[in-house]
Amino acid sequence: MYLKCMGHLIPEEQFKKTKVVVEKFGAPGGMGEFLQKKLLERSEHTANWVYDYWLEDMYLSNRLALPVNSSPVMVFPKQNFRSQSDSLRFAAHLISGILEYKSLIDGRALPVDYARGQLAGTPLCMDQYNKVFTSYRLPGPKMDTLVAQKSTVMPEREHIIVACKNQFFVLDVVINFRRLNEKDLYTQLERIKKMSDIEEERLPPIGLLTSDGRTQWAEARSVLIKDSTNRDSLDMIERCLCLVCLDEPSGTEQTDTNRALLMLHGGGTDKNGGNRWYDKPMQFVIGADGCCGVVCEHSPFEGIVLVQCTEYLLRYMRGSPSKLVRAASMSELPAPRRLRWKCSPDIQTFLMASADKLQRLVKNLDMNVSKFTGYGKEFIKKQKMSPDAYVQVALQLTFYRCHGRLVPTYESASIRRFQEGRVDNIRSSTPEALAFVKAMGNSSKITVCSLKIELLWTAIKAQTNYTILAITGMAIDNHLLGLREIAKELKLEKPELFSDTTYATSIHFILSTSQVPTIEEMFCCYGPVVPNGYGACYNPQMDHIIFCVSSFRDSAETSSDLFVKTLEGCLKEMQDLCIKCNTEAKPADSTKRMDGTTKVMKNGSKA
Ligand code: COA
């Protein structure tokens, strides 16, 4: 399958060499067989044989800065705050919702998620939810650690960290076994706002350090913790439920694209870039100018869990009217506490370097959020095609039109059918997709419509089959990762399969894509995963599709605007093709899945 995935994406000579390497690896009695045996042994004593390997490879050993490179964001519908109290009221209401949601998680009262779409109906592992408010990604010199707090059913002292003007405040949300109500929360937020206004008490924007590369942040942190004041402050942040970032107005027009940018990096040091703490999984951003959303540290859970949580919160805020009495009186609650920092000259130097790095990231990100209104998944379903597969093929066509070739592509496929399952990869740049995009490049005189639609069908079928393989634990990326990592663990020489150039190419995902569906008026986006790549997040709805495309400006190869413009053209062409020829070319039983060989594993069985 690896050879099939790569054959058409690399030069022929290279492929010949790789084929020999793969055959040697897979030969009876060879290294592959040995490692596979070891992997099977591992599966006997772990709930999920790939989870730790995957977590380290995907996140914890990645040294890149979290903003843009790793942390996805959810951008809320723009809010119209007329005054500061409007935004604080919104924040208090949101925090109430967060506390409600957390008590559902703690009480194991969230309804179990079931798979939708392909192979619908299977219950999904709920483990990721337990990590939403209890995790912390601790930076390390070589690798980070995902730390988990114990969650309890009993209400105990719990706090949120509120970031305001780059200062951090402890907002206790459970005091004397009682959860603060919305009015209390509002009062406390007002107090925080006032405290943040006192210029003489302002401390350096320490949060900027968390926006740096992980090794640099680990180094800075090791200096920071030498002082006990700093240790206490770090401890409070590391043990909080989440952050609520009360942002200053950004001064930019509130378009979807600008709000996405602000959410991804805070707009840099002169805006809200320092008003963050990137190690914490959930940072709820409430901008005075109505730019709101969530920044998410990705290692503990997937975008789908983020969507479930944020959909709950938006519904909560719509369905449960704010319980604030008009004016909040001074309460007897203890005042929120400002976190103190002792900044040595060394820390100042680290801060300057982090600020500089963030500014470069801000300048570099090229983002385009766009709503394609030509049609949505309803039209695609009427063609008896999988909407997700269709969008993936459209993305391949777009890339081909822009760059004249196809590249290794990542599409996240949920493997939550398995205990502790996260994702595997659907390699969407299939040979079938290449045949289709090449045919679409030809003028209709050369490639007749019936052939094009046949190739589209074949490409969609190949994509759908791969999806089914991936969601049932039969894709290749996690498996290869497992074989590679177990060899490392056993201190064996790196098998040639993994030192081969083709392998490096195969995991350099120039196109990194993900479907994050929501019916709420919000959208998810993230940055590219390689310097010359695109991040493409999409949400197919009934009559439209939202695309969030990102790339880096300093790559001469990429342009988000060009990509999106080309994509819109491709989607229209594909629609025309379907309308023109689908009726004649459609297979007799087109709803039938074409995956006769796919082995569907039993519910709940091990990955
Ligand atoms: N004809 C008509 N309808 C079809 C069809 C066909 N041939 N094939 C699929 N459909 C329907 C489905 O029944 C489904 O209907 P629904 O909207 O009523 O539920 C709908 O089209 C969507 O199905 P499809 O487009 O095939 O995709 P999917 O929902 O199965 O999603 C993945 C595919 C890969 C996106 C999904 O399995 C997955 O893994 N999602 C998680 C991705 C993720 O983790 N993202 C976050 C990463 S941070």
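Note that ligands are numbered from 1 as they come in the structure, with each ligand's atoms numbered from 1 the same way. Side-chain atoms are counted along with the backbone in the values below, which use heavy atoms only and exclude waters and symmetry mates.
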Any N/O of [X] closer than 3.5 Å to an N/O of ligand 1?
X      : value
Pro387 : yes
Gln515 : yes
Asp388 : yes

For ligand 1, which atoms sit closer than 4.0 Å to a heavy atom of [X]?
X      : value
Gly117 : 12 (C), 14 (C), 19 (O), 23 (O), 28 (P), 29 (O), 30 (O)
Glu411 : 34 (C), 35 (C)
Ala413 : 39 (O)
Lys384 : 1 (N), 6 (C), 7 (N)
Val423 : 44 (O)
Ile471 : 37 (O)

Using non-hydrogen atoms of the residue, decide whether Lys377 is closer than 4.0 angstrom to ligand 1. yes

Does His298 come within less than 4.0 Å of ligand 1, judged by its heavy atoms? yes

Only heavy atoms count here, so choose which of Gln541, Arg116, Gln118, Glu302 is nearest to atom 30 (O) of ligand 1. Gln118

Which of parallel (below 30°), tilted (30 to 60°) and perpendicular (above 60°) describes Phe563 and Tyr534?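 Judged by the thresholds at 30° and 60°, the geometry between Phe563 and Tyr534 is tilted.
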
Test: Arg405 cationic atom under 6.0 Å from Phe399 six-membered ring centre, within 45° of axis: no

Looking at Lys371 and Glu568, is any side-chain nitrogen of the basic one under 4.0 Å from a carboxylate oxygen of the acidic one?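 Looking at Glu568 and Lys371, the cut-off is not met.
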
Start with the C-alpha distance between Trp54 and Tyr59, add both sets of side-chain angles, then the distance that settles ring pair (Phe, Tyr, Trp, His ring centres under 6.0 Å), and finish with yes or no. CA-CA 8 Å; Trp54 177 89; Tyr59 296 111; 5.6 Å; yes

Tell me, with the steps shown, if Glu520 and Arg318 meet salt bridge (charged side-chain N to carboxylate O under 4.0 Å, His left out). CA-CA 11 Å; Glu520 291 290 339; Arg318 263 202 314 271; 2.9 Å; yes

Are any non-hydrogen side-chain atoms of Phe372 and Lys572 less than 4.5 angstrom apart?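 Heavy-atom side-chain distance check passes, below 4.5 Å.
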
For Arg63 against Gly140, the heavy-atom pair lying closest together: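 Result for this residue pair: NH1-O, 2.7 Å.
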
Among Arg422, Arg427, Arg484, whose salt bridge (charged side-chain N to carboxylate O under 4.0 Å, His left out) with Asp477 holds?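 Answer to the salt bridge (charged side-chain N to carboxylate O under 4.0 Å, His left out) test with Asp477 among Arg422, Arg427, Arg484: Arg427.
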
Would you say Cys537 and Cys548 have SG atoms less than 2.5 angstrom apart? no

Indicate, as side chain, backbone, both or neither, the part of [X] found under 4.0 angstrom from ligand 1 when only non-hydrogen atoms are considered.
X      : value
Ser514 : side chain
Ile426 : side chain
Thr467 : side chain
Met385 : backbone

Would you kindly say whether Asp388 and Gln515 are connected by a side-chain donor-acceptor distance under 3.5 Å?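 A donor-acceptor contact under 3.5 Å links the two side chains.
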
